[in-house]
Amino acid sequence: MSEMITADLVDLDLAAQTKEEAARSLAERMVSLGRVTDLEGFLADVAAREAQMPTGLDGGIGIPHCRSAHVTAPTLAFGRAADGVDFGAPDGPADLIFLIAAPAGADDAHLTILSSLARRLMEPEFTAALRRATAPATVAALLRGEEPETVQEPETVREPETAREAEVREPASEVREPAPEVQEPEPVRPFRIVAVTSCPTGIAHTYMAAESLEQAGRDAGVEVTVETQGSAGFTRLDPAVIDAADGVIFAHDIAVREKERFAGKPTVDVGVKAGINRAAELIAEVRSKAARGDTTAPAAAAGPGGGTPVDRAGEPGEGYGTKLRKWLMSGVSYMVPFVAAGGLLIALGFAVGGWEINEAPSVAEHFAWGQVDSWAALMFQIGALAFGFLVPVLAGYIAYGMADRPGLVPGFVGGAVALTINAGFLGGLAAGLLAGGTVLAIQRLKIPSVLRGIMPVVVIPLVASAVVGFLMFLVVGKPIAELQKALTDWLSGLSGANAILLGALLGLMMCFDLGGPVNKVAYTFAVGGLASPNEGSLKVMAAVMAAGMVPPLAMALATAVRGRLFTKAERENGKAAWVLGASFISEGAIPFAAADPLRVIPSVMVGGAVTGALSMSFEATLRAPHGGMFVVPLIGHPFLYLLAILIGTAISATLVILLKGARKAPAPDVTGEQADRKVAVAA
């Protein structure tokens with residue numbers, strides 16, 4: 001730990017009103033010491049981690065943390081805020097703030113040290129010492145696990161013994177009678193619990209939950225053994241320990257690995273923060289379940305995966321509608337990187353080699369190192385291959401979301417069949433659902449024990465692939481292919497009012513939930529058209545990307561024009577929103593929408609709808625599925641396209657300003673007044 005924390009990384013008078021300000025102040029210390037190379041990039045990674053789950057803990061502790069490519073070495077910075085900073089803890093603001101920075105490839109040794117610190121934060125004596133310390137060097141030593149001189153207690157000087165004390169004190173030579181032996185009762189076997197803790201980053205919450213559960217177990221006289229599934233990997237609990245356990249606690253925010261090991265026991269399944277804040281309640285709950293005889297399904301009935309990824313991540317009582325959405329989003333989330341990589345490579349191929357590059361011969365047979373056209377053909381052909389995985393990956397990971405790993409093979413096979421029969425994107429959706437459903441049906445069958453070992457690797461892939469292939473080739477595939485062809489022809493023939501209305505609808509969807517399910521439906525619809533591009537599908541892609549750029553750009557413009565209507569943190573977010581909007585990252589507007597949804601979301605939806613409609617009316621086209629301003633050279637009618645974005649951005653920014661200005665304006669702070677004056681001077 002010595003290289004992770006020094007006195008220069010300690011601020012005992014942290015002046016911060018928000019968690020963003022606190023993170024920036026501590027991160028600046030890391031930058032000054034060369035521990036962080038890019039302040040804004042690192043803070044963006046911290047904010048992304050914070051968006052997954054608040055990092056405030058009971059007891060006045062905030063632990064913002066992340067793994068980032070901008071971190072050169074594992075680093076810990078500490079700040080003590082007298083007024084407290086809100087990190088989302090149930091009991092209020094945090095006065096002890098730990099900013100933990102780990103490199104993207106941090107090794108196990110460093111992560112083990114960080115996990116040790118996380119466990120110590122659960123000790124009241126440790127946090128009390130941090131609050132008492134008066135010097136940065138003292139705090140740094142405490143965090144390193146050393147015994148700082150500044151906190152060592154002076155040696156106690158013993159007062160001279162009085163005569164009375166000497167008289168009463170028992171002589172050393174006196175020999176006492178041995179106490180009679182007492183028969184010790186047989187020890188009662190304690191209640192035994194095994195637990196698994198995990199969080200998305202695997203640096204802090206994972207280990208703090210483990211420490212909290214173990215401490216609560218000691219207080220309750222319960223034997224708790226925890227398996228931490230953190231960033232440094234995990235060491236599996238001894239199967240004998242699991243077998244002997246009376247109950248199980250899962251405190252996790254990511255899927256529990258090899259969950260089937262714990263099947264058949266009383267189980268409590270909660271988020272990782274509940275493991276930190278409600279450890280005693282969880283132990284009482286699992287004991288109560290054990291007393292009632294409530295258990296999970298045995299491993300054989302649970303299937304090879306011990307539950308699907310969606311089941312593991314879902315909330316109790318979720319309906320099939322919610323699960324269906326998650327299954328589809330699972331496929332889309334895995335598909336998007338293929339879309340981005342393949343689509344951008346195709347677009348670069350067109351940009352460098354012209355529109356005829358798709359007719360170039362295979363680079364495996366003809367490649368001239370000194371010719372630009374050969375390099376363009378190489379990029380195009382690599383991109384085309386990557387883009388060709390779009391439908392199989394979509395289908396495969398929809399099936400994975402439903403049935404875990406056994407669903408992958410039939411899902412990919414079904415997606416490949418969809419490509420073969422020209423069923424396209426819609427065929428991939430159907431194939432994924434069919435594959436997942438088929439695997440789930442097979443897993444419900446009663447299988448002889450002799451066959452269970454080969455079910456996941458032989459029987460399920462074989463049977464499910466045959467069933468899905470049959471259904472896709474001969475039953476549902478052809479009608480879907482006809483529907484896909486009709487959709488493609490419809491897009492090709494779009495013109496006039498129909499095209500404008502479609503552009504407005506897609507714009508509304510892109511701006512409704514800023515990267516959420518509705519946004520993803522519109523984006524996936526556009527990307528699906530690129531699989532078989534035509535004039536209509538290229539217009540749709542252009543309209544979708546243009547509308548998706550509007551929300552962050554509009555909020556950036558609004559904070560620049562009327563800074564006093566926004567908080568200091570929002571003005572800082574506005575600066576980053578320029579880049580996020582230009583890069584087609586709609587999520588850049590989420591901080592504004594979360595703080596004021598009734599004003600922000602309708603405003604950006606109006607601007608997005610106008611932009612989508614204008615893009616369609618200008619007949620702008622786009623062959624790249626992503627890239628924002630950086631792929632403008634690949635856009636048909638680029639100047640009109642940019643004009644559509646500017647008009648939509650201006651409309652949304654104006655509406656936000658009007659709606660926020662209509663309410664009682666907050667007292668302007670100095671920074672806000674300065675921001676308005678700067679804009680006025682610039683104007």
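Since the model is a prediction, treat every value here as computed from it, not as a measurement. Nothing fancy with the numbering, it's 1 onward along the sequence.
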Enquirer: Kindly determine whether Glu227 and Lys259 satisfy salt bridge (charged side-chain N to carboxylate O under 4.0 Å, His left out), including the steps that lead there.
Expert: CA-CA 12 Å; Glu227 174 179 292; Lys259 190 175 183 179; over 6 Å; no

Enquirer: Under 4.5 Å between any side-chain heavy atoms of Pro64 and Leu99, yes or no?
Expert: yes

Enquirer: Taking only residues two or more places apart in sequence, or in another chain, which ones meet Arg287 in a salt bridge (Lys or Arg N to Asp or Glu O under 4.0 Å)?
Expert: none

Enquirer: If every non-hydrogen atom of Ala251 is compared with every non-hydrogen atom of Gly275, which pair is closest and at what distance?
Expert: CB-CA, 4.0 Å

Enquirer: In Å and rounded to the nearest 0.5 Å, what is the SG to CD1 distance from Cys66 to Ile100?
Expert: 10.0 Å

Enquirer: Sequence neighbours excluded, which residues qualify as side chain to side chain donor-acceptor pair (under 3.5 Å) partners of Arg132?
Expert: none

Enquirer: Tell me, do Met555 and Phe566 make a side-chain contact under 4.5 Å, heavy atoms counted?
Expert: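 A side-chain contact exists here, since the closest heavy-atom pair is under 4.5 Å.
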
Enquirer: Sequence neighbours left out, what passes salt bridge (Lys or Arg N to Asp or Glu O under 4.0 Å) with Glu123? Give chain and number order.
Expert: none

Enquirer: Are Met30 and Leu26 packed together at the side-chain level, in the sense that at least one heavy-atom pair is separated by less than 4.5 angstrom?
Expert: no

Enquirer: Please round to the nearest 0.5 Å and tell me the distance separating atom CZ of Arg29 and atom CZ of Arg35.
Expert: 13.0 Å

Enquirer: Which residues pass the side chain to side chain contact (heavy atoms under 4.5 Å, CB included) test with Val579, sequence neighbours left out?
Expert: Ser583

Enquirer: Salt-bridge test for Lys19 and Asp86: reply yes if a basic N is under 4.0 Å from a carboxylate O, no otherwise.
Expert: no

Enquirer: Can you tell me if Glu570 and Thr559 form a side-chain donor-acceptor pair at under 3.5 Å?
Expert: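 No, Thr559 and Glu570 have no side-chain donor paired with an acceptor closer than 3.5 Å.
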
Enquirer: Could you walk me through whether Ser198 and Val272 satisfy the side chain to side chain contact (heavy atoms under 4.5 Å, CB included) test, starting with their C-alpha distance in whole Å, then the side-chain angles of each, then the deciding distance to 0.1 Å, before giving a yes or no?
Expert: CA-CA 7 Å; Ser198 66; Val272 69; over 6 Å; no

Enquirer: Test of understanding: with side chain to side chain contact (heavy atoms under 4.5 Å, CB included), list the residues that count as partners of Thr649, not counting sequence neighbours.
Expert: Val550, Leu553, Ala554, Leu557, Ile645

Enquirer: Would Thr267 and Val286 satisfy side chain to side chain contact (heavy atoms under 4.5 Å, CB included), going step by step from the backbone distance to the final call?
Expert: CA-CA 6 Å; Thr267 301; Val286 78; over 6 Å; no

Enquirer: Hey, what do you get for NZ (Lys289) to CD1 (Ile249), rounding to the nearest 0.5 Å?
Expert: 10.5 Å

Enquirer: Taking only residues two or more places apart in sequence or in another chain, which ones pass ring-ring contact (aromatic ring centres under 6.0 Å, His included) with Phe78?
Expert: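 By the ring-ring contact (aromatic ring centres under 6.0 Å, His included) rule, Phe78 matches Phe98.
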
Enquirer: Have a look at Glu40 and tell me which of His70, Arg24, Lys575 forms a side-chain hydrogen bond (donor to acceptor under 3.5 Å, both in side chains) with it.
Expert: Arg24

Enquirer: Between Thr225 and Val194 (side chain of the first, backbone of the second, donor and acceptor by atom type, cut-off under 3.5 Å), is there such a pair?
Expert: no

Enquirer: Walk me through whether Leu14 and Arg80 qualify under side chain to side chain contact (heavy atoms under 4.5 Å, CB included).
Expert: CA-CA 5 Å; Leu14 180 62; Arg80 197 168 64 192; 5.8 Å; no

Enquirer: Would a 4.5 Å heavy-atom cut-off, applied to side chains only, mark Leu143 and Leu76 as touching?
Expert: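 Heavy-atom side-chain distance check passes, below 4.5 Å.
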
Enquirer: For a quick test of reading the model, state the closest non-hydrogen atom pair linking Ile601 to Ala593 and the distance between them.
Expert: CG1-CB, 4.0 Å

Enquirer: Roughly how far, to the nearest 0.5 Å, is NE2 of His65 from CZ of Arg49?
Expert: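 Arg49 CZ to His65 NE2: 4.0 Å, rounded to 0.5 Å.
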
Enquirer: Please name the pair of heavy atoms, one in Ile283 and one in Leu213, separated by the smallest distance, quoted to 0.1 Å.
Expert: CD1-O, 3.8 Å

Enquirer: List the atom of Phe592, the atom of Gly574, and the distance in Å for their closest heavy-atom pair.
Expert: CZ-N, 3.6 Å

Enquirer: Does Arg562 reach the main-chain N or O of Ile657 with its side chain, forming a donor-acceptor pair under 3.5 Å?
Expert: no

Enquirer: Would you check if the side chain of Lys265 reaches a backbone N or O of Ala245 as a donor-acceptor pair within less than 3.5 Å?
Expert: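 Yes, the answer is positive, given that a donor and an acceptor are paired below the 3.5 Å cut-off.
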
Enquirer: Indicate yes or no: at least one non-hydrogen side-chain atom of Leu96 is less than 4.5 angstrom from one of Arg131.
Expert: yes

Enquirer: Assess the residue pair Ser603 and Leu659 against the criterion (side chain to side chain contact (heavy atoms under 4.5 Å, CB included)); give the C-alpha distance rounded to whole Å, side-chain angles, the decisive distance to 0.1 Å, and a yes or no.
Expert: CA-CA 9 Å; Ser603 300; Leu659 291 174; 3.4 Å; yes

Enquirer: So do Arg236 and Arg261 actually touch side chain to side chain, heavy atoms under 4.5 Å?
Expert: yes

Enquirer: Going by side chain to side chain contact (heavy atoms under 4.5 Å, CB included), name the residues that satisfy it together with Asp8, two or more places apart in sequence or in a different chain.
Expert: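 For Asp8, the residues satisfying side chain to side chain contact (heavy atoms under 4.5 Å, CB included) (neighbours in sequence not counted) are Thr6, Leu33.
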
Enquirer: Search all heavy atoms of Ala589 against all heavy atoms of Pro552 and return the closest pair with its distance.
Expert: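 Result for this residue pair: CB-N, 3.8 Å.
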
Enquirer: So for atom CD, which belongs to Glu285, do other residues, nucleotides or ligands contribute more than 12 heavy atoms lying within a distance under 6.0 Å?
Expert: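 Enclosed: over 12 neighbouring heavy atoms sit under 6.0 Å from CD of Glu285.
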
Enquirer: Can you list everything that forms a side chain to side chain contact (heavy atoms under 4.5 Å, CB included) with Asp246? Sequence neighbours excluded, please.
Expert: Arg189, Phe191, Arg192

Enquirer: Hey, could you give me the CD/CD distance between Glu50 and Glu20, rounded to the nearest 0.5 Å?
Expert: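 So the gap between those two atoms works out to 8.0 Å.
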
Enquirer: Determine the minimum heavy-atom distance between Asp11 and Ser25, stating which atoms define it.
Expert: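 The pair with the smallest heavy-atom distance is OD2-OG, 4.1 Å.
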
Enquirer: Tell me, please, which residues at least two apart from Ser288 pass side chain to side chain donor-acceptor pair (under 3.5 Å).
Expert: Arg292

Enquirer: Side chains of Thr197 and His252: closer than 4.5 Å at any heavy-atom pair?
Expert: no

Enquirer: Asp38: what forms a side chain to side chain donor-acceptor pair (under 3.5 Å) with it, not counting sequence neighbours?
Expert: none

Enquirer: Tell me, please, which residues at least two apart from Glu281 pass side chain to side chain donor-acceptor pair (under 3.5 Å).
Expert: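 Applying side chain to side chain donor-acceptor pair (under 3.5 Å) to Glu281 gives Arg278.
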
Enquirer: Would you mind reporting whether Pro74 and Pro103 have side-chain heavy atoms less than 4.5 Å apart?
Expert: yes

Enquirer: Mind checking what makes ring-ring contact (aromatic ring centres under 6.0 Å, His included) contact with Phe262, not counting sequence neighbours?
Expert: Phe250

